[in-house]
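Have a look at the structure below, then the notes.
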Amino acid sequence: MNAPVNPANGNVGIVIVSHSPDVAKGTAEMVRQMVGEEVPLAFCGGDPGGGLGTSVEAILAAIDRAWSEAGVAILVDLGGAETNSEMAIEMQPAERQGRIVVCNAPIVEGAVIAATEASGGASLDAVRRMAEELSPA
Amino acid sequence: MADSETTASVLLTHEVGLHARPSVKLTKLAKTFQSAIELGLGGDGPWIDAKSIVKVMAAKAPQGTTLHFRARGADADAAVAALVGLVERDFDEVGAHVGNG
């Protein structure tokens, strides 16, 4: 049990990236209702044409909205959400490198758990580890 | 620093037990204290880290369970009192009776 590090600039931010705008929005609503307002939170879903998919531009914007000096943890659903998120991370300015991670966790449960951990001021690494600890028993 | 341990137990009356929302509240509250805090589903354990949302949620304590808290540290007394209070207040969710909480 490490004492949480709470940087002056706040808690780790959470970004939710789904193929479906509804899933992304619903997941974010669960985080807000279950965990609260203490964590920066942003979500995106759907392709620019309104269909299912993910877009690098939307992910970049979501990272900006949820940005925290403590870093950002991204929760994704399927394939493209992960690869586009990784692309968005690579496109970040140098000063953000190493402070954005994609969590290997289920999107809904992982988002709630990551946000719970982040709300207590945990480090980005601790947030990711807690989300990834949630795996089928 | 005195290495004393504070313990207390409380009956879990929340309708859906220690499911998602109550678990989040309990964990968040536990994290506000410096002390090491553990939660046991029995007086003899097994004991889990009350600050781990994954472990608290995985415990799946049902309604009617007696929850045991034990804390060690400078604010152990306050931590245990606060956690017992939260459980006694049904996690401040009066009227929230949604299926899987």
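Proteins come first, then strands; the chains are lettered A, B, ... in the order of their sequence lines, and each starts at number 1. Keep in mind the model is a prediction, meaning the values are calculated, not measured.
Side-chain contact between B/Lys55 and A/Glu133 is present, with heavy atoms from C-beta onward closer than 4.5 Å.
A/Val12 and A/Val102 fall into different hydrophobic clusters, where Ile, Leu, Val, Met, Phe, Trp and Tyr residues are linked whenever their side-chain heavy atoms come under 4.5 Å apart, directly or through other members. Note: the hydrophobic cluster containing A/Val15 also contains A/Trp67 (ILVMFWY, side chain heavy atoms under 4.5 Å, direct or indirect links). Tracing side-chain contacts under 4.5 Å through hydrophobic residues (I, L, V, M, F, W, Y), one never reaches A/Val17 starting from A/Leu41; they form parts of separate clusters. In this structure, A/Val76 is not a member of the same hydrophobic cluster as A/Leu60, with clusters built from ILVMFWY side-chain heavy atoms closer than 4.5 Å. Residues B/Ile37 and B/Ile48 are members of one and the same hydrophobic cluster, defined by side-chain heavy-atom contacts under 4.5 angstrom among Ile, Leu, Val, Met, Phe, Trp and Tyr.
Separating the CD1 atom in B/Ile53 from the CD atom in A/Glu109 is a distance of 12.0 Å, to the nearest 0.5 Å. Taken from OG1 in A/Thr116 to NZ in B/Lys51, the straight-line distance is 15.0 Å, to the nearest 0.5 Å. How far CE of A/Met30 is from CZ of B/Arg21: 9.0 Å, rounded to the nearest 0.5 Å. The distance from atom CD1 of A/Ile113 to atom OG1 of B/Thr27, rounded to the nearest 0.5 Å, is 9.5 Å.
Distance alone, capped at 3.5 Å, is enough to place a donor-acceptor pair between the B/Lys28 side chain and the A/Val35 backbone.
Looking at A/Gln33, neither its backbone nor its side chain comes within 4.5 Å of chain B, counting heavy atoms on both sides. Both the backbone and the side chain of B/Ser52 have a heavy atom closer than 4.5 Å to some heavy atom of chain A. Only the side chain of A/Ser119 comes within contact range of chain B, with at least one heavy atom under 4.5 Å from a heavy atom of that chain.
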